[in-house]
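Proteins get letters first, then strands, A, B, ... in listed order; numbering begins at 1 in each.
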Amino acid sequence: MSDVVALVERLYAHLEAREGAEVLELLHPDITWIAPDVLPFGGAHRGREAAAAALAQITELVFDWGTNVHEVVPFGEHLAVAIGLHPTATTEGLVVDVPFIAEWRVEEGRVIRFEEQLDTLLLLRATGRSARS
Amino acid sequence: MYADAARGDVDAVLAAHHPKAVWELPPSAPFGGVLMGTGPLGEYTASLFTQLGGGLRSELDEVHAASDRVFVTGWFLLGERRIRFADLWQLRDGQVRRRVLATDTATGFVELSGL
């Protein structure tokens, strides 16, 4: 397994376990963390603290949020792409699977850039949120 | 394929696909979900192009290839709107076998989805 894939898999394991300190340890101090602008936690968050705040916002705004990673595909030594589903609790108490593609770039053994694309309409409807304008 | 899609050329898009190719599209996109085979893919693509007025224009940001995969990021261009997307393609023997697309459906496809 490539180093970049191992790092991304370790990150997802820590995210799933809600191990925030371990997650932060794997982020580069100059990380850019990007989520779709329309989401409440959307935009480009620069720096480890900003990324941590974005992660905390996800937990706060989305009642229950998980990650089932189906595959992590390496593209060279510095880029890996993960695909999978975010099981998300709806306001009606159901769970919907929100598909995602996440791009992880690694520098000096830590994540320097993260960008995720996902079915934003499905997520907003599930959680009863409005799109951020 | 993105250039073929911009021209609305369904046959050219399909020509690059294996007969049993699978597209995994965002559930909230128009006709979203999983499509298998060039028949359903052709119907979907033709219908989408019609709704969009002839084709789906895009601006590619990055293209990465490794082994049998190609990863593309960019923007779909719908009128004034730019909709971010990520595409992961899997190929074998020069043909597309699987495509996974994720895109910002809330920005791009609310009207088209009919929701």
Side-chain angles (χ1 to χ4, degrees), chain A residues 2 4-5 8 34-44 67 69-88 90 95-106 113-133, chain B residues 2 22-35 48 58-78 80-92 96-115:
Chain A
S2 77
V4 65
V5 170
V8 169
I34 303 170
D37 283 336
V38 293
L39 298 179
F41 48 86
T67 302
V69 178
H70 292 172
E71 198 176 4
V72 181
V73 182
F75 289 85
E77 294 176 17
H78 300 287
L79 172 66
V81 174
I83 58 174
L85 301 168
H86 288 304
T88 304
T90 71
V95 174
V96 296
D97 285 326
V98 180
F100 71 85
I101 297 180
E103 174 188 341
W104 298 87
R105 284 173 196 268
V106 173
R113 187 175 187 277
F114 167 83
E115 182 173 358
E116 185 172 71
Q117 301 304 323
L118 66 164
D119 190 336
T120 48
L121 187 58
L122 184 62
L123 179 64
L124 289 168
R125 288 186 185 281
T127 55
R129 305 280 172 179
S130 303
R132 212 173 55 142
S133 55
Chain B
Y2 294 98
V22 173
W23 280 12
E24 298 174 33
L25 306 172
S28 299
F31 313 106
V34 179
L35 299 171
L48 182 67
S58 54
E59 182 184 299
L60 303 190
D61 191 7
E62 293 190 28
V63 179
H64 299 273
S67 182
D68 62 344
R69 306 298 183 98
V70 179
F71 176 59
V72 183
T73 59
W75 306 86
F76 291 132
L77 308 176
L78 269 64
E80 298 290 304
R81 282 170 297 172
R82 291 163 55 83
I83 300 129
R84 190 76 172 145
F85 74 86
D87 241 339
L88 185 61
W89 301 87
Q90 187 167 12
L91 298 96
R92 199 183 309 155
V96 173
R97 296 297 184 114
R98 183 184 181 207
R99 175 196 196 184
V100 180
L101 169 71
T103 187
D104 178 5
T105 47
T107 299
F109 298 107
V110 174
E111 298 89 346
L112 289 173
S113 70
L115 295 172

TODO: Taking B:Ser28 for its side chain and A:Asp119 for its backbone only, find out whether a donor-acceptor pair lies under 3.5 Å.
DONE: no
Open item on the list: So that I can tick it off, tell me whether A:Glu103 and B:Arg84 are bridged by a salt bridge, with the cut-off set at under 4.0 angstrom between side-chain N and carboxylate O.
Closed with: no
TODO: Under 4.5 Å heavy-atom distance to chain A, tell me which part of B:Glu62 shows up: side chain, backbone, both or neither.
DONE: side chain
- [ ] Starting at CG of A:Asp37, measure out to OG1 of B:Thr107 and round the result to the nearest 0.5 Å.
- [x] 7.5 Å
Task: Per-residue contact mode, A:Leu79 against chain B (heavy atom under 4.5 angstrom) - done: side chain
Task: Interface moiety of A:Ile83 toward chain B, non-hydrogen atoms closer than 4.5 Å - done: side chain
Task: 4.5 Å side-chain heavy-atom contact, A:Leu122 and B:Thr105 - done: no
Task: Part of B:Leu25 within contact of chain A (heavy atom distance under 4.5 Å) - done: neither
Task: Under 4.5 Å from any heavy atom of chain A - which part of B:Ser67 - done: neither
TODO: Write down the atom of A:Gln117, the atom of B:Ala86, and the distance for their closest heavy-atom approach.
DONE: CG-CB, 3.8 Å
TODO: Kindly indicate whether the side chain of A:Pro99, heavy atoms from C-beta on, has any atom under 4.5 Å from the side chain of B:Pro26.
DONE: no
- [ ] Taking all non-hydrogen atoms of both residues into account, name the closest pair between B:Ala65 and A:Phe75 and its distance.
- [x] C-CD2, 3.9 Å
Task: Heavy-atom contact with chain B under 4.5 Å, split by part of A:Glu115 - done: side chain
Task: Least distance between heavy atoms, B:Ala106 atom then A:Thr120 atom - done: N-OG1, 2.8 Å
Task: Salt bridge present between A:Glu71 and B:Arg98 (N-O < 4.0 angstrom) - done: yes
Open item on the list: Under 4.5 Å from any heavy atom of chain B, what part of A:Leu124 do you find: side chain, backbone, both or neither?
Closed with: side chain
